[in-house]
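In what follows, every chain begins at residue 1, and chains take the letters A, B, ... in the order their sequences are listed.
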Amino acid sequence: MSLSRREFLKATAVSGGGLMLSFSLGGCAASDNGYRESGGEGRWTPNAWLEITDQNGITLTIARVEMGQGTVTGMTTLVAEELDVPPDTLKTRFAPVGDAYRNPLYKLQLTGGSTSLATSWQPLREAGAAARIMLERAAARTWNVEARRCTGRDGRVWHPDGETSLSYGQLAALAAHETVPDPVPLRPRSEWRYIGKTNTRHDAEIKSTGQAEYGIDVDLPDMVYAVMTRPPRLGLRVEGFNADTVRAMPGVIDVVETERGVAIVADKYWRARKAQDALEIVWDETDALDLDVDHVFETYARAADDDPGETEREDGDVEQARSQAGQVLEAEYRVPFLAHATMEPMNATARVNENGIEVWAPTQAPDLGRIAAARVTDFSPDEVTIHTTWIGGGFGRRLTQDYIEEVAAIAFQVRRPVKLLWSREDDMRHDVYRPAMLHRLSATLSDEQITGWDHQIVGPQVLNWYARNAAAAQFPWAPKFLYDSLARVGVMAEGIATPKDTSAIEGAVEYPYAAPNVRVRHTHVDAGIPISYWRSVGHSHNGFVVETFMDEVAHSLGRDPYKFRRDLLKQKPGDLAVLDRAAKLGDWSRPVPEGRARGIAIHRSFGTLVAQVVEAGIEGGAIRVYRVACVVDCGQVVNPDVVRMQMESGILFGLTAALYGEIEFEQGAVKQGNFDDYRLLSMYDLPEMTIDIIDSEASPTGVGEPGVPPVMPALGNALFALTGKRQRNMPFKVEV
Amino acid sequence: MAIKLTVNGQLRQLDIEADTPLLWVLRDELGLKGTKFGCGKGLCGACTVHLDGSPARSCSTPVSLAEGREVTTIEGLAPEGELHPLQLAWVEHNVPQCGYCQSGQIMSAAHLLSYNAAPSNDDIVAAMSGNLCRCRTYARIHAAIKSVSKHGEADA
Ligand code: FES
Ligand code: FES
């Protein structure tokens with residue numbers, strides 16, 4: 001459907017004097033976003049607002065949630081470029097939850113999958129340009145000169161004489177009466193002043209002075225504090241508890257039972273925690289899920305034997321290739337459950353009054369938070385207001401709204417403003433995990449070539465777990481009693497109500513190398529352990545597996561792993577450029593220092609291609625990473641420093657998983673609890689990192705996640721080169 | 001119990017259970033929310049403050065231990081309206097991502113520079129390895145500290 005520009009970009013006057021442009025991030029997608037609001041058949045709804053007033057300067061309100069990935073900086077840079085003002089003079093606000101703020105790719109309001117800049121690249125620049133043009137026209141009318149001879153620059157419109165000027169603020173009220181230009185001409189790349197050049201982040205100062213307000217910092221008048229005791233093992237339910245004893249503890253206001261456990265509410269956080277020691281709960285064990293992590297992999301292996309799974313890709317005929325192969329290489333890989341372990345533990349604050357409930361929370365998906373709060377109270381989603389805050393790390397964890405559900409249930413019962421805070425142990429043991437997965441691969445080789453690639457992925461898919469609230473959120477008009485059935489529909493109607501769940505297969509079906517016969521299958525099996533999205537999702541294991549097995553193939557053919565990949569990527573100049581540059585940057589063809597070795601890997605995720613060379617060794621019985629060279633192609637770069645930062649962060653995130661990451665279950669209980677047994681990389685482990693960005697004019701693609709996948713196989717491959725032992729399970733071990 | 005302590009140069013008096021961790025006193029009683037909770041067990045450094053000039057993990061420091069002593073938090077690191085040289089360097093180097101760990105990082109770094117104006121790379125690593133960052137901003141933290149130290153960035 002092609003709508004004229006004017007229908008995408010609307011101008012209104014701000015009361016009190018000023019110009020407001022409403023627009024939609026995501027261009028055409030927003031006009032056909034798969035759902036219809038009640039009473040608004042196909043009506044266009046804006047999800048971003050640019051406001052210019054005399055008193056308040058320039059404010060950009062965006063329907064996104066910041067997770068530390070520099071989204072805000074990127075977005076303001078785009079608007080500022082066309083408006084011609086320094087990006088740091090723009091104020092930003094997060095949009096409150098509502099139907100209008102849906103992420104066009106997901107059709108839900110959430111930030112994830114590295115989509116923010118990809119969907120908003122065009123509309124943000126158009127909004128900035130339209131505003132500038134309208135301001136120029138308003139100035140021209142005032143001076144009675146031709147509009148095209150007036151120039152908006154550095155926050156002012158300049159008269160053709162080059163001396164007289166009016167500020168944007170002065171012109172804003174007048175500009176509101178100009179028509180929105182259609183089409184909106186954008187600046188040519190050669191004239192950009194900020195895009196690709198700006199390096200400051202908007203939020204560095206408030207985050208260096210302790211001023212940024214995170215969820216945990218929310219303070220309401222008369223607020224009380226809650227802690228929750230949840231089932232120590234999967235599947236347990238509360239049967240009873242010693243409410244009276246706990247109520248008598250100092251400071252305790254109430255003890256309430258919710259779907260998810262027993263909450264203690266006290267006047268102070270510490271008193272609530274102390275009272276928790278006195279709480280004794282009798283658990284109903286009828287549905288206890290007494291599983292150990294070994295059982296999970298046994299279940300997977302059995303499923304893999306019994307069920308070849310759904311074929312997700314089939315080129316040629318791998319079976320035939322197998323029957324004719326000179327050599328068949330086979331391997332099995334395992335990756336464990338992983339916690340998100342965001343630095344800010346889960347928390348939320350809520351206040352109930354007769355009209356509804358307000359929730360303050362660091363959430364990546366306020367849309368779903370609203371449904372979650374409605375589900376556990378008497379309120380309809382319309383009566384739930386979600387205020388988002390700064391977020392102390394997301395990585396996918398805050399797409400799940402369990403903490404909002406909890407605080408809403410507590411506030412609804414105690415009827416006081418209440419803040420719920422999870423301890424680190426709560427956070428580690430009641431996470432929704434990156435699923436453990438099993439992979440079986442075989443490659444058929446003839447005449448020094450891969451003739452067939454056969455990959456069986458075994459494990460659960462995330463959407464089944466995620467759908468409960470997500471499905472309901474997609475049908476905002478649906479009555480609450482339908483939520484549970486919608487959840488089931490959401491899963492069954494996958495592809496209609498929700499995007500196809502590619503969480504298990506992404507990064508594997510796209511197998512990029514030239515091979516005549518390729519098959520990728522997914523055997524779906526779910527052990528019942530709660531799972532969710534985790535930074536780079538399926539790519540986090542598929543990238544590891546594909547790039548490690550490629551290395552196995554190269555070695556078994558006696559080929560150099562870099563040149564081997566190179567030969568098989570000949571038809572893809574973009575991939576080749578990234579791979580070549582990484583090899584160069586990582587000194588691939590230079591001698592390695594004594595006691596070290598190098599490994600290489602390349603992987604595309606969320607549209608962004610990343611290749612890395614890792615130099616590693618073994619020091620004092622432990623794996624040590626010395627250097628990581630990283631080359632990234634993420635289309636047009638808006639803010640090079642944000643790209644570099646995200647690559648660095650992704651590399652270290654991946655290395656943490658490769659070296660330490662593992663959540664284990666023992667009889668249905670999570671073994672790890674805090675940073676002593678779920679270790680994070682520290683500054684001590686920091687390798688030297690060099691990041692190189694490919695110059696590109698293509699639309700920008702995400703950078704928050706793609707740095708993660710390749711570093712794990714690159715490290716494992718380096719360790720193989722060093723020790724001759726193949727790392728097929730994560731986390732890596734010196735003794736395999 | 002009644003407790004007196006000096007926080008960012010101001011004498012504060014309060015009545016609170018002696019075993020309450022200093023962290024919650026600072027955050028919830030005194031409204032100084034810049035100091036963060038990460039692990040509650042002295043494992044991550046998010047809650048780092050200075051106690052009589054030495055770094056302390058406020059999550060594991062009972063408030064009674066702070067009786068009569070001077071506490072400095074991120075809010076009091078620089079005089080009102082000014083930034084500490086490290087905070088300037090943090091902005092300059094674009095250190096924070098989610099930012100949650102950064103108060104603790106800066107407090108640890110400030111202590112390092114207070115007794116060692118020209119730390120070597122190893123000194124920095126030794127002083128900072130107890131401060132975890134899930135967004136892994138370590139490279140920039142290291143560079144920012146280096147830029148403020150007497151060595152400057154020359155051998156960074
Ligand atoms: S919260 Fe104090 S060290 Fe982690
Ligand atoms: S910046 Fe996010 S934890 Fe350090």
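Using a 30° and 60° split on the angle between ring planes, A:Tyr269 and B:Trp24 fall in the tilted class, from 30° to 60°.
B:Arg27 and A:Asp219 are not joined by a salt bridge, as no carboxylate oxygen comes within less than 4.0 angstrom of a charged side-chain nitrogen. Checked for salt-bridge contact, A:Lys268 and B:Glu17 miss the test: no charged N lies under 4.0 Å from a carboxylate O.
Taking chain B as the reference chain and counting heavy-atom pairs below 4.5 Å, the highest number among A:Gln211, A:Lys274, A:Glu213, A:Met223 is found for A:Lys274. Of the listed residues A:Asp685, A:Leu681, A:Ile651, the one with more heavy-atom pairs under 4.5 angstrom with chain B than any other is A:Leu681. Taking B:Cys44, B:Gly40, B:Pro21 one by one and counting their heavy-atom pairs under 4.5 Å with chain A, the maximum is reached by B:Pro21. Interface summary for chain A: among B:Arg134, B:Glu75, B:Lys36, B:Lys33, the most heavy-atom pairs under 4.5 angstrom belong to B:Arg134.
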Practice task
For side chain to side chain contact (heavy atoms under 4.5 Å, CB included), just list the numbers for A:Ser208 and B:Ile106, CA-CA rounded to whole Å, side-chain angles, deciding distance to a tenth of an Å, and then say yes or no.
Solution key: CA-CA 8 Å; A:Ser208 302; B:Ile106 291 175; 3.9 Å; yes

Practice task
Evaluate the side chain to side chain contact (heavy atoms under 4.5 Å, CB included) criterion for residues A:Phe395 and B:Cys135: first the C-alpha distance (whole Å), next the side-chain angles of each, then the deciding distance (0.1 Å), finally the verdict.
Solution key: CA-CA 9 Å; A:Phe395 320 121; B:Cys135 309; 4.1 Å; yes

Practice task
For side chain to side chain contact (heavy atoms under 4.5 Å, CB included), just list the numbers for A:Arg271 and B:Thr20, CA-CA rounded to whole Å, side-chain angles, deciding distance to a tenth of an Å, and then say yes or no.
Solution key: CA-CA 8 Å; A:Arg271 285 175 144 175; B:Thr20 310; over 6 Å; no

Exercise for the section: Step by step, work out the side chain to side chain contact (heavy atoms under 4.5 Å, CB included) result for A:Met343 and B:Gln102. Expected result: CA-CA 11 Å; A:Met343 216 60 195; B:Gln102 300 298 343; over 6 Å; no

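Annotation: side chain of A:Arg644 is in contact with side chain of B:Arg140 (closest heavy-atom distance under 4.5 Å). Using a 4.5 Å heavy-atom threshold, the side chains of B:Ile124 and A:Met683 count as touching.
Of the atoms belonging to A:Tyr214, it is side-chain heavy atoms, and not backbone ones, that fall under 4.5 Å from chain B. With a 4.5 angstrom heavy-atom cutoff, A:Glu688 does not touch chain B via any of its atoms. With a 4.5 angstrom heavy-atom cutoff, A:Met689 touches chain B only via side-chain atoms. Interface remark: A:Ala341 contributes backbone and side-chain atoms alike to the contact with chain B (heavy atom separation under 4.5 Å). With a 4.5 Å cut-off on non-hydrogen atoms, A:Leu655 does not touch chain B at all.
Inspection of the B:Arg136 and A:Thr656 side chains reveals an N or O donor paired with an N or O acceptor under 3.5 Å.
The main-chain N or O of B:Leu132 is never found under 3.5 Å from a side-chain atom of A:Ser682 such that the two would form a donor-acceptor pair.
The shortest heavy-atom contact between A:Gly393 and B:Cys98 is N-CB, 3.4 Å. The minimum heavy-atom distance between B:Lys41 and A:Glu425, with the atom names listed, is NZ-OE2, 2.6 Å.
Here the options are A:Leu680, A:Asp677, A:Asn674, the test is side-chain contact (heavy atoms from CB on, under 4.5 Å), and the partner is B:Leu43; only A:Asn674 passes.
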